[in-house]
Amino acid sequence: MCTAPSVGGPILAVQNEVAHWRAQIFMRILQVVLALGLVTALPSIVLSLSEGIWSIAVIDVLAIAWIAGIWRLTHVSYRVRVLNFLAVTFLVGIGLMVKIGPLSQIYLVAVPMLAALLLGLRAGMWALAVDALALGLIGYASNTVGEDTWNAAAMLQWAVITLNYVFIMAVLTLSCGVLLQRLERSIGDLQGLNEELRLTSTAVARLNDMVMIAEVTDDEHRIIFVNKAFERRTGYQREEVLGRSLRLLKGPDTSAGTLERIAKAMSRSEAVRAELLNYTRGGEAYWVETELVPFADEGGNNTHWVAVERDITERKKSEDDIHRLAYFDVLTGLPNRRLLMDRIDKLLASSERGHTYSAVMFIDLDNFKYINDARGHAIGDALLKNAAGRLEQLMRKADTVARIGGDEFVVLLAHLGSGHAAAAHAALVVAEKIRLSIAQDFLIEGQNYSSSASIGVTLLPKGGQSAHDLLREADIAMYRAKADGRNGIAFFEAGMQAEVEQRLNMERDLALAIDAQRLWLHAQPQVDCAGRVVGAELLMRWQLDDGGWVPPSQFIPLAEESGQILQLGAWALRQACGFVLELVAAGHAVPLSVNVSPNQFRQPDFVEQVRAVLAETGAPANMLIFEVTEGLLVEKMEETIERMHALAALGIRFSIDDFGTGYSSLAYLKKMPLYELKIDRSFIQDTPADPSVTAIVQSILAMAHHLGLQVVAEGVETRAQADFLVANRCQGMQGYLFARPQPFSMLLSSLQPQHAAA
């Protein structure tokens with residue numbers, strides 16, 4: 001249970017301090033009285049005895065004995081001993097007054113003053129009252145005893161003496177008492193101040209912030225105090241820094257401008273705050289937020305400076321990290337898109353002012369995705385960092401190399417020349433150096449990896465262009481270099497913009513075609529060795545308003561890049577289920593193959609989508625074959641295979657499309673629930689004329705037979721190809737030799753004679 005701190009502690013401490021002080025004074029008084037008493041009492045006793053005044057001698061002896069007893073009996077309480085001492089003094093004074101006369105009042109004078117000194121003002125006033133009463137009684141007795149009449153004049157005289165005595169003693173006693181009270185308060189104030197100073201000193205010494213105090217001497221600032229936090233952070237011991245300058249911790253990278261600003265503020269005796277880079281005794285750099293405050297004396301002269309410093313190294317590091325995250329690529333350390341756009345804007349402005357040409361290069365690493373997918377992201381990241389290093393080595397300090405995402409880099413070449421042709425030639429020279437540098441093998445983890453670069457170049461300035469315009473032009477030129485066979489260089493031309501606009505128009509028209517249902521699924525039959533239709537692949541077709549058709553090689557990649565493939569894939573699955581129902585109704589057990597995009601397959605809810613469509617349409621799942629490419633397996637293989645098993649549990653069968661052209665490992669064949677392999681047309685077109693290709697096809701067929709998989713050969717266009725496949729026990733063939741893709745209704749009609757013949 002917490003309690004509030006009591007104020008009684010400091011008060012009690014002061015009272016104890018005063019009581020101790022009074023006890024010491026009392027002991028000194030006793031010692032002085034005993035010493036002087038012995039010196040004066042002996043002559044007094046001798047004179048008293050010689051005059052026959054035995055009472056005075058007795059009083060002296062008793063007084064000395066009594067005081068000696070008070071001095072020796074230290075175990076008796078202080079108050080009792082003081083009261084006894086006052087009583088001795090009082091009684092001696094009374095006795096002497098009775099025997100000697102008013103002259104002995106001097107003894108009574110000591111009683112109230114000693115009481116005020118030793119017991120306080122209240123005790124002094126009580127002692128004064130007792131003195132006054134005793135004087136009054138003595139005066140009354142001396143003027144009435146032995147006389148028959150009242151001596152009014154003598155009594156009045158005595159009263160005047162008593163009143164004056166009381167007045168003077170009251171003044172002296174009050175002065176002594178008040179003085180002692182003020183002294184007691186001062187002791188309390190001093191003790192409180194000392195306590196405050198002690199607490200302040202302890203707090204400053206234990207602060208986590210570093211504190212330095214420097215005195216001003218001859219325009220220098222010499223350190224006179226440092227706390228423990230200073231010693232811990234800087235590595236300096238207090239003795240090492242006392243007397244040295246406040247600039248002790250500054251180093252080579254400390255901002256000269258900040259130091260100058262601090263010096264100017266200090267010269268005006270103004271408080272100043274700043275962030276500084278300091279150095280420890282061992283040379284380690286660290287950041288502090290420092291505040292310097294001047295202290296002046298009563299005359300207004302600046303005598304000291306107090307510096308309070310807080311370590312902000314972690315905060316500065318966080319700020320640097322945030323800045324780096326905002327403006328630099330995390331992987332390569334190169335400027336990112338945000339910083340790149342800012343530098344392009346500045347380059348545009350400086351090129352226009354200087355009437356010089358500069359260049360923007362867009363660089364894309366060819367086939368990077370294959371390396372990244374096949375060997376993993378760690379190898380891909382290492383290749384990107386190596387490529388970034390090579391690009392930086394080729395550039396001047398005035399140039400910029402940036403990474404704007406994936407395997408895309410941008411290079412800014414500043415101020416290549418004042419003529420367009422000369423600048424273009426200079427940019428071409430640099431681009432060729434980049435192309436050759438990237439074409440050299442990358443050694444990563446002991447293995448060589450080859451890549452190349454497609455580079456697009458555009459020159460600036462051009463009237464009214466922005467940074468985004470220039471980056472888009474360089475990007476368009478890069479795609480032209482890639483379309484021309486990769487590993488090349490292309491400069492931006494006006495016609496390229498038209499191609500991009502055409503592509504954008506096609507993307508928009510495809511979205512409209514999907515909504516207007518101007519897409520069709522055609523079916524291309526698959527036949528067995530006897531020429532019977534044993535299956536069909538559904539292929540997407542796009543018919544324009546004018547009756548023309550857009551080739552799938554144009555709009556399918558576009559749909560993949562734009563994300564429209566997800567909508568197309570869902571539509572194709574639903575259409576396929578409807579066709580399956582028509583086949584079932586017609587009595588044909590012919591499975592239909594549907595191409596599934598990797599993007600579509602990787603959707604988290606793809607299995608649920610398929611399950612929902614099957615449940616809604618009632619189509620039998622075992623009449624659907626999903627054709628997937630080998631590229632589907634290069635990313636998250638285990639998750640992909642798990643999803644394939646979930647679909648297989650519904651009855652869906654799987655076919656690997658374009659087998660042999662993609663993923664290099666065949667280990668997945670044992671893990672996947674496969675039904676068939678489709679040999680790519682690139683192998684079939686050179687069979688059986690090319691022995692090496694023929695051997696590959698035979699190997700695929702043999703492996704499939706061994707694994708119990710069906711095989712369909714695509715692109716069969718000649719009888720020789722068909723005969724070769726039949727001779728090597730290929731179960732299915734597909735190509736123009738047998739039929740072109742046709743509307744599903746035509747396929748259904750062609751199956752009727754076959755069914756009747758069966």
Side-chain angles (χ1 to χ4, degrees), residues 324-325 327-340 361-395 400-411 431 433-456 471 474-475 478-479 481-483 485-489 557 560-561 563 565 597-604 628-641 643 658 660-668 671:
R324 181 159 290 277
L325 287 173
Y327 293 99
F328 292 87
D329 174 54
V330 175
L331 177 63
T332 63
L334 297 176
N336 61 11
R337 179 183 290 271
R338 184 176 181 181
L339 183 55
L340 172 69
M361 293 184 179
F362 202 108
I363 303 166
D364 183 88
L365 301 184
D366 300 326
N367 302 319
F368 170 78
K369 187 177 185 304
Y370 295 128
I371 297 175
N372 193 56
D373 291 344
R375 298 302 182 188
H377 293 298
I379 298 298
D381 289 348
L383 192 149
L384 289 174
K385 287 191 284 188
N386 276 271
R390 292 184 184 181
L391 291 175
E392 283 189 299
Q393 290 177 357
L394 294 173
M395 297 301 113
T400 296
V401 181
R403 178 180 177 235
I404 60 173
D407 58 347
E408 296 175 338
F409 297 86
V410 173
V411 170
K433 289 181 179 179
I434 292 174
R435 189 187 68 80
L436 293 175
S437 178
I438 298 298
Q440 296 178 15
D441 286 351
F442 293 90
L443 181 62
I444 302 173
E445 295 184 1
Q447 294 189 18
N448 288 325
Y449 295 89
S450 61
S451 183
S452 59
S454 296
I455 305 172
L471 198 60
D475 188 19
M478 181 275 294
Y479 273 106
K482 196 173 285 289
R486 306 174 187 270
N487 191 25
I489 303 166
E560 290 277 6
E561 294 176 11
I565 195 67
S597 163
N599 289 334
Q600 180 186 7
F601 189 89
R602 292 190 183 111
Q603 294 300 303
V628 296
T629 61
E630 290 179 290
L632 179 68
L633 302 171
V634 297
E635 186 175 345
K636 298 181 180 180
M637 178 188 291
E638 297 300 327
E639 180 180 324
T640 299
I641 293 176
R643 189 167 297 175
D658 302 332
T661 62
Y663 192 53
S664 60
S665 174
L666 299 179
Y668 68 89
K671 300 180 181 180

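Only a predicted model underlies this, so the values are computations on that prediction, with no experimental measurement involved. Heads up: numbering here begins at 1 and tracks the sequence.
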Non-neighbouring partners of D381 that pass side-chain hydrogen bond (donor to acceptor under 3.5 Å, both in side chains), sequence neighbours left out
none
Nearest 0.5 Å please: distance from the CD1 atom of I371 over to the CG atom of N367.
7.0 Å
Nearest 0.5 Å, what's the CG-OG distance between N386 and S437?
10.5 Å
side-chain hydrogen bond (donor to acceptor under 3.5 Å, both in side chains) involving E392 - partner list, sequence neighbours excluded
none
Tell me the closest heavy-atom pair linking F601 and R643, and the distance in Å.
O-NH1, 2.8 Å
Start with the C-alpha gap between L365 and L384, add the side-chain angles, then the distance that decides, and say whether side chain to side chain contact (heavy atoms under 4.5 Å, CB included) holds.
CA-CA 9 Å; L365 301 184; L384 289 174; 3.8 Å; yes
Is there a side-chain contact between E560 and N599 (heavy atoms, below 4.5 Å)?
yes
Holding to side chain to side chain contact (heavy atoms under 4.5 Å, CB included), I want the full list of residues that pass it with Q440, two or more places apart in sequence or in another chain.
R390
Applying salt bridge (Lys or Arg N to Asp or Glu O under 4.0 Å) to E408 and not counting sequence neighbours gives none
Can any side-chain N or O of D475 pair as donor or acceptor with the backbone N or O of M478 at less than 3.5 Å?
no
Can you list the residues that meet the salt bridge (Lys or Arg N to Asp or Glu O under 4.0 Å) rule with D364, with sequence neighbours excluded?
K482
Those residues at least two apart in sequence (or on a different chain) that pass ring pair (Phe, Tyr, Trp, His ring centres under 6.0 Å) with F442 are none
Check: L325 and V330 side chains under 4.5 Å, non-hydrogen atoms
yes
Sorted by chain and residue number, the side chain to side chain contact (heavy atoms under 4.5 Å, CB included) partners of P557 (sequence neighbours excluded) come out as none
Drop me the distance from N487's CG to I455's CD1, to the nearest 0.5 angstrom.
8.5 Å
Can you run down the salt bridge (Lys or Arg N to Asp or Glu O under 4.0 Å) pairs that involve residues 435-448, sequence neighbours left out, and say none if there aren't any?
E432-R435
Any chance you could measure I404, atom CD1, to L339, atom CG, to the nearest 0.5 Å?
13.0 Å
Between CG on residue L383 and OG on residue S450, distance to nearest 0.5 Å
9.5 Å
side-chain hydrogen bond (donor to acceptor under 3.5 Å, both in side chains) involving Y449 - partner list, sequence neighbours excluded:
Q447
Pairing residues for S452 by the side-chain hydrogen bond (donor to acceptor under 3.5 Å, both in side chains) criterion, not counting sequence neighbours
D366
Report yes if the side chains of T400 and V411 come closer than 4.5 Å at any heavy-atom pair, otherwise no.
no
Apply side chain to side chain contact (heavy atoms under 4.5 Å, CB included) to the pair E638 and K671, showing each step before the final yes or no.
CA-CA 9 Å; E638 297 300 327; K671 300 180 181 180; 3.6 Å; yes
I363 versus I434: any side-chain heavy-atom pair under 4.5 Å?
yes
Residues in side chain to side chain contact (heavy atoms under 4.5 Å, CB included) contact with T332, at least two apart in sequence or another chain:
D329, L334, K385, A388, R403
Quick one: CZ on F362 to CZ on F409, what's the gap to the nearest 0.5 Å?
11.0 Å
Do M361 and L391 make a side-chain contact, defined as non-hydrogen atoms from C-beta onward lying under 4.5 Å apart?
no
Heavy atoms, side chains only, cut-off 4.5 Å: are I379 and N372 in contact?
no
Side-chain heavy atoms of V628 within contact of P598, under 4.5 Å:
no
